[in-house]
Amino acid sequence: MFKLSRCKLFFALSTSSILEYFDESGVFRRGSLEALPHDVLVNGLFPHLNVYDILRLRQVSRILYNATLEKSLWIRLLRTMTCPLHPLPANSRYSLNGLTPLELERLVTRSLSLENLWRDQNPDSFNLYIRGFNLAREILNMTILPGGRYLVASIRQFDRYSIMLLVMDHARGVIPLADTGRLPSKAFRIQAKYVPVNGQHGILISYVCRDYKNKKDKARYPRLNISAYSEDHDIDPEVPLIYECGVLHVSLASVEGLSHNEPGTQEWSNFALSQESPFRMPCKIRSRGQLGISDVAEVYGKPYLVLVVQPNTIQFKVISMSHVEVKLECMKYAGLVQFEHRILALRILPEQHEILVVRRIVVPGKDVFVIELYDIPEFLPSGELAIRLGDVLKHTSYKAIAGYGFSAAWITDPLCLVQTDESIQPGLMNAFSRRPICIYGRTVNEEVMVGDLIRKLDGFMRLVIWPETAQRTLPNGQVQEYCEYNLNSMSKIMSFVSKGDAQFRILPGCRRSVLFSSPPDDISDAPPIYKAFRIVDDECDLPKNHNLPAGQIYGYLDIPFQFGDKKWKAMAWDDTIGRLCISPEGSSIVTVVEFAKAPIAANVVPMDPEERIASQENEGRVLVGTNHLIPEVNIREGAITHDHIAYEEKGVIERLREYVSLSGIFGSGSSDASNMV
């Protein structure tokens, strides 16, 4: 049996590596690593190396490179990870058997590189990977699914509004997969998660859009564009409107099948034609009242939608059960009944069967910020409530904070696992550990001492709620452990303010948030951006009774990215993978800023970080580097022609357009010099 002891390695970027060691008899030996058997390298040597050593070693020779691609190596490294990993879809495709060695390596390297880069204070070593793509449609809103694999975008092409699903990590770059077809108006307040419906793993998407209450008003006021109304502020429309909250479910089996095939090929098209319509709408809620934020999650083993009807009502809906819903009018507090109570944010806490709600009580000169927990009603298979309505729709605890003026709030997602998770996540709880919840509130006119003067500045406050392990007794008598977020374990308030010549806007995350500075008097949905910052928040990584000195808990560092003089309309951020997607107002181009580093497929050449997005906003191409251009698909009336594949049978064209209603987005590579950017 070959054993290594007191092994000393010298890595060099040459044709060989030198190994010096003492064998079992104590005799000094000297030789080449390449001469060792493959299993000795993988099982004898590699377990003594960390990730960085492995990555350096693979640069030495082809033999060592191939040895570092072994799946067992990355499984072993994955099981020893303590740095949090990004979430994965919950189906069996992401089990240990389903994941490829490249995907396992990406899990490990992304986590480590993101953690190192996020805290790097040296601007010379801060190297972002920047890429971009052009949808040939105006981007209005977007969100990234947890883990960064899929992007959901609200888009417009001329007067047609729809929602598009794209895969971000295809070997060919960003690939559009499915389109909803026409919506009444632009979709906004989009939420997307991995949630099973009726036992089928999939992506659950909720959105809000507006429609005319009287359809004749659309023809009566042809210049009125209800999609131009603000998404974040109260509006006073010229005509009566109806608000619509739609819920879409996309099968993971369908989109994974598409995202692992080469787009535009005969096999890709045949698979698309063999699937049902990509988007199913299991429920839709229409309301005359203005709809606010929503959230979706699996609770009591069922898919739930929780929706805010402004200003102070919460609607619960079981997505898989038609006509099963109930409304809660949140109570007003004694002594403050005469003041408006408005819900700013909410989040489903699936394991503890509650929702976390943030409300603002508009008290002149001194707002009150209330954080509450409410029970989620459980419904029987018959559709009836499991217990009396009065016993379930009440808050179980609350905390009130006074002295701040608040204009907005955000609650980060705890990213709880679903009950039927078939991926590697349940077996790696050390790396997929439960996350604390951060509550961010935008403060207005906060009094701050600047020199000898008291100035009123805008800024943010942040609270953290750490998860705790709790127990409940099930009806069968078994004791079940679950994750609980108790308001009594909430941190102290941390706050930071702007410097007076700018206001802050935030893309919140649990452990990493992105902060933007913009003009102080700009309240539009698409402000110019001066600078971006990384929020380094050590408090989210530590027990609640830590003893860090003041000033070391919270800080923000520059992000070296030039925003120019554009107004930025759509922004999406996933802090688990360090992926930022931004798009200017009126543009079809999305810029993707990657904070994490990960290997790519061998036949893909990464884009130079110094390359920038091409200025041709109507070229109709995906831009993932000059040798990965995806030229236009020729769509004409009655047929789609792509690489000499024509589909003209009745019904086929409609099915393809559901999956690839994407003129100018996907296709095969072209060597035509006229197509090069």
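Just so it is clear, the model here is predicted, and its values are computed rather than measured.
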Flag side-chain contact, heavy atom, 4.5 Å: [X] against [Y]:
X	Y	value
Ile371	Val357	no
Val108	Leu104	no
Glu484	Glu354	no
Met331	His341	no
Arg579	Trp573	no
Ile203	Leu165	yes

Please name the pair of heavy atoms, one in Ser294 and one in Arg189, separated by the smallest distance, quoted to 0.1 Å.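 Heavy atoms only, the tightest pair is OG-O, 4.3 Å.
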Could you work out, with side-chain hydrogen bond (donor to acceptor under 3.5 Å, both in side chains) as the rule, every residue matching Asp421, not counting sequence neighbours? Ser423, Gln425
Side-chain donor-acceptor pair under 3.5 Å between [X] and [Y], yes or no?
X	Y	result
Tyr482	Gln480	no
Tyr440	Ser513	yes
Tyr94	Arg149	yes

Could you list the donor-acceptor pairs under 3.5 angstrom formed by side chains in residues 301-313, with sequence neighbours left out?
unit_1	atom_1	unit_2	atom_2	d
Lys302	NZ	Phe379	O	3.4
Tyr304	OH	Pro377	O	2.7
Gln310	OE1	Arg342	NH1	3.4
Gln310	NE2	Ile343	O	3.4
Asn312	OD1	Arg359	NH1	3.0
Asn312	ND2	Cys330	O	2.8
Thr313	OG1	Glu329	OE1	2.5

Holding to side-chain contact (heavy atoms from CB on, under 4.5 Å), I want the full list of residues that pass it with Ser95, two or more places apart in sequence or in another chain. Asn97
Should the pair His353 and Tyr300 be assigned to parallel (<30°), tilted (30 to 60°) or perpendicular (>60°) ring geometry?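 Tilted.
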Which label fits Trp410 and Phe460: parallel for a plane angle under 30°, tilted from 30 to 60°, or perpendicular past 60°?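 Answer is tilted, since the angle falls between 30° and 60°.
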Which residues pass the salt bridge (Lys or Arg N to Asp or Glu O under 4.0 Å) test with [X], sequence neighbours left out?
X	answer
Arg110	Asp169
Glu325	Lys317
Lys193	Asp295, Asp413

Stepwise side chain to side chain donor-acceptor pair (under 3.5 Å) check, Asn141 with Glu231: CA-CA 10 Å; Asn141 209 311; Glu231 304 169 11; 3.0 Å; yes
